[in-house]
A.B. asks: 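My questions all concern the structure below.
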Amino acid sequence: MSAQSSPILPALPEEAAAWLKHQANLIRLSAMTMTNHANLGHTGGDLSSSDLLCTVYLGGILRVDPQQPTWPQRDRFLMSKGHCSGAFYSVLSARGYFPRRQLGTFMDPLSMLNGHPDRNKLPGVEANTGPLGHGLPIAVGCALAARMRQEDWRTFVLTGDGELQEGSNWEAAMTAQHYGLDNLVVIVDRNRIQQGDFTEKTIRMDPLAEKWRAFGFAVEEMDGHDHAALLQRLRQLPFEAGKPSCLIANTTKGKGVSFAENKPAWHHGVPTLEQLEQAREELGVAREEMAGMEVAPWQV
Amino acid sequence: MAGVAMDLKAEALAGAKRYDCRDAYAQTLEQLAEQDGRVCVVVNDSVSSTKSKGFQAKFPERFVNVGIAEQNMVGVGAGLANGGMLPYVCGASCFLTGRATEQVKVDLGYSKWNVKLCGMSSGVAYGELGPTHHSIEDLAWTRIIPNLSVVVPADPVETAWAMRHSLTHDGPMFLRISRMPVPRLYPDDFPFEFGKASCVVVGDDVTIIANGVMVERAVLAAGLLGARGISARVLNMSTVSPIDKDAIVQAAQQTRGVVTVEEALRNGGLGGAVAEVLAEHHPAPMRMLGFPGVFAPTGSAEFLLDHFHLNAEGIARAALELLGEAR
């Protein structure tokens, strides 16, 4: 069998980018709606990572089949920044892993949609994440497994930037370079804000690209909101044969919604109904496009 | 409790040949790797202390050394399991369990990845190296994690069985493997059952529940008690999680009290697990032997076990006190 490619991605590059941009805005509004519903969530990181998630899942980068979520030959995607579950669940639903109406149960009692992802509850989740610094070691294990089994599937992991303060990431980075895991791609959502403040004010991360290079990765820095460029680059992996790849995606926390952009307070800010409506307008999403979520304020 | 009961005699253990259970672990692991291509090993620079040289030489493509990085090694294990392999993640128990506790909880227990954690040189095997290298907290830390099975084999035969069982056991396991030499207690064909205590000495006055390296000492204690006309039952509770509730309740019903003894802190480990069962299902007089809540001094493993009365005399004395027959 083979993986399903994303069914609606337009073939022309400019059209694909425009389509992905709009899909990402749908994800953004979906995540904010879920956060409003649960009165909990991580708006800032949901919004900074939406373009990356959309490019990977809906741009045909990942070789997966939502109808067979445990297909052994699938590419693995590990959402190490598991707190951004609003965006992650929204993109999984958009890719076809489960119906959109389920998003309306976000953090409800006994919901499959925990505050942080649970692989035993939700199809498409590869690892239970939430505490930071878990995704990359697991991703390294996945990449080693593919190597041992002589299979060609690849492993992607999305980390936050503040998350890289956890030492386990650098333990895993050393293993990845030592074993030359060029079937592994680390994407860093470099939005420069962590829970309490800007990363550089909290504990300096720069020069981040040099750190990854020193740890043996082939590193590229890109605009994490440029779908066309991301698509083009992620279609040509690895960045360098024999080395794990690291894409540092420069992003804006709270991207796309004026009141949340680049504001540490929106790390886990919860939008009001009025703010949701403002966000919908700024993101260029029509009310009808939210049909099926079955949560206020988009209920029909 | 397993159907087959043995009735070991203390005299039979005198002068018996002694074995390092790591050898049975390593030999069995290599056999498993030959029969199952999913079996792989992850170590933290602990190639020789986990006796992994043979595996590394025979299956280099299935051997991963992550260096001194325990959080990473447990996560790597979870990823290997995700990718269809069956990883044995091996390192000194003190570091494997202590340094990677959150990974053991989240990546293994909560995620239910089929990873086998092999904590080597547990207890006070590294006695002289001091409390940093003692691993007497590991039973308490691991047994409370949901989905994680915990097995503490008593001799090389049971170690080999536990390894063979781990191959088909679907779910994460913690295997606590000592390096303290112990005699062979079981015949090769003993029908061990996962989650079931095995009776190694038959008796009906008092029950001694032990596991790991303490089973031998419990058998010797039963010998001392026998000389005073007291018939002690010795249960090897090698599976600590899930605990064999039936065997514990039966012991409390059929004998006058229960003494637990473990090469671990007496809080939270085997004694704690037995006490939880008795408190809820059949309250009974009990003594819990293990390391008291202190950091142990330096000394050989043998010295430390004797120092804390975790020997035949200490166990027998606790049983006599329990029965009100101490003099």
Side-chain angles (χ1 to χ4, degrees), chain A residues 69-78 80 82 114 116-122 125-157 166-179 181 183-184, chain B residues 33 36-45 55 59-89 91 95 99-117 145-147 170-172:
Chain A
T70 58
W71 176 44
Q73 302 300 315
R74 71 193 182 280
D75 285 342
R76 268 63 167 181
F77 180 90
L78 290 123
S80 194
N114 287 16
H116 296 91
D118 181 348
R119 79 176 193 94
N120 294 303
K121 286 184 178 173
L122 205 60
V125 175
E126 296 287 354
N128 297 12
T129 51
L132 300 173
H134 283 242
L136 186 52
I138 299 172
V140 167
C142 290
L144 283 165
R147 172 80 54 89
M148 286 180 192
R149 300 176 70 90
Q150 299 180 306
E151 294 170 349
D152 67 353
W153 49 271
R154 302 160 307 164
T155 302
F156 296 74
V157 55
E166 288 283 6
S168 52
N169 293 297
W170 303 102
E171 293 181 2
M174 283 190 280
T175 307
Q177 61 86 26
H178 183 84
Y179 285 92
L181 298 177
N183 54 355
L184 173 71
Chain B
D36 191 327
R38 298 173 305 153
V39 171
C40 58
V41 166
V42 185
V43 298
N44 55 338
D45 189 32
F55 189 102
F59 310 101
E61 73 289 352
R62 284 191 265 159
F63 185 81
V64 180
N65 186 348
V66 299
I68 307 160
E70 291 76 23
Q71 297 183 60
N72 178 39
M73 87 188 287
V74 174
V76 164
L80 284 162
N82 174 306
M85 301 299 288
L86 179 47
Y88 285 74
V89 175
F95 308 130
R99 252 185 130 114
T101 306
E102 189 186 85
Q103 279 74 14
V104 175
K105 168 191 159 188
V106 176
D107 300 351
L108 304 191
Y110 178 38
S111 299
K112 295 191 204 170
W113 284 119
N114 193 11
V115 174
K116 313 306 170 188
L117 281 184
I145 295 177
N147 303 325
D170 187 19

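A quick note: this is a predicted structure, and the numbers were derived from the prediction, not measured. In what follows, chains carry the letters A, B, and so on, assigned in the order in which the sequence lines appear, proteins first and then strands, with residues in each chain numbered from 1.
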A.B. asks: Which bit of Trp170(A) comes within less than 4.5 Å of chain B, counting heavy atoms only: side chain, backbone, both or neither?
C.D. replies: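 Contact with chain B: none, neither part.
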A.B. asks: Check each atom of Ala139(A) against the heavy atoms of chain B and say whether the ones under 4.5 Å are side chain, backbone, both or neither.
C.D. replies: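 For Ala139(A), there is no contact with chain B at all, as no heavy atom is under 4.5 Å.
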A.B. asks: Do the side chain of Arg76(A) and the main chain of Gly79(B) share a donor and acceptor less than 3.5 angstrom apart?
C.D. replies: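 Judged by distance alone, no pair lies under 3.5 Å.
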A.B. asks: Where on Arg74(A) is there a heavy atom nearer than 4.5 Å to chain B: the side chain, the backbone, both, or neither?
C.D. replies: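 Side chain only.
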A.B. asks: Between Ala100(B), Gly84(B), Ser111(B), Ala78(B), which shows the greatest number of heavy-atom pairs under 4.5 Å with chain A?
C.D. replies: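 So the answer, after comparing Ala100(B), Gly84(B), Ser111(B), Ala78(B), is Ser111(B).
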A.B. asks: Who wins among Ala146(A), Gly130(A), Pro131(A) for the most heavy-atom pairs under 4.5 Å with chain B?
C.D. replies: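 Result: the option with the highest number of such pairs is Pro131(A).
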A.B. asks: Report the option among Arg38(B), Glu102(B), Arg62(B) that has the most heavy-atom pairs separated by less than 4.5 Å from atoms of chain A.
C.D. replies: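 Top count of heavy-atom pairs under 4.5 Å with chain A: Glu102(B).
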A.B. asks: Heavy-atom pairs under 4.5 Å with chain A are the metric here; pick the option from Met73(B), Gln103(B), Glu61(B) that has the most.
C.D. replies: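 Highest number of pairs under 4.5 Å: Gln103(B).
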A.B. asks: I need the single residue from Asn72(B), Asn44(B), Val76(B), Val66(B) that forms a side chain to side chain contact (heavy atoms under 4.5 Å, CB included) with Glu171(A). Which is it?
C.D. replies: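 Answer to the side chain to side chain contact (heavy atoms under 4.5 Å, CB included) test with Glu171(A) among Asn72(B), Asn44(B), Val76(B), Val66(B): Asn72(B).
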A.B. asks: Measuring only between side-chain heavy atoms, which start at C-beta, is Met148(A) closer than 4.5 Å to Leu80(B)?
C.D. replies: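 They are in side-chain contact.
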A.B. asks: In terms of heavy-atom pairs under 4.5 Å with chain B, which of Leu144(A), Leu136(A), Leu78(A) leads?
C.D. replies: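 Winner by heavy-atom pair count: Leu144(A).
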A.B. asks: Of all the heavy-atom pairs spanning Phe63(B) and Tyr179(A), show the shortest one and how long it is.
C.D. replies: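 Where Phe63(B) meets Tyr179(A) most closely, the heavy atoms are O-OH, 4.1 Å.
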A.B. asks: Identify the heavy atoms of Glu126(A) and Trp113(B) that sit nearest to each other, and give their distance.
C.D. replies: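 Shortest heavy-atom contact: O-CZ2, 3.3 Å.
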A.B. asks: Is it the side chain or the backbone of Asp118(A) that comes within 4.5 Å of chain B heavy atoms, both, or neither?
C.D. replies: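 Its backbone and side chain both get close to chain B.
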A.B. asks: Shortest non-hydrogen contact from Met85(B) to Ala145(A)?
C.D. replies: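 Minimum heavy-atom separation between Met85(B) and Ala145(A): CG-CB, 3.9 Å.
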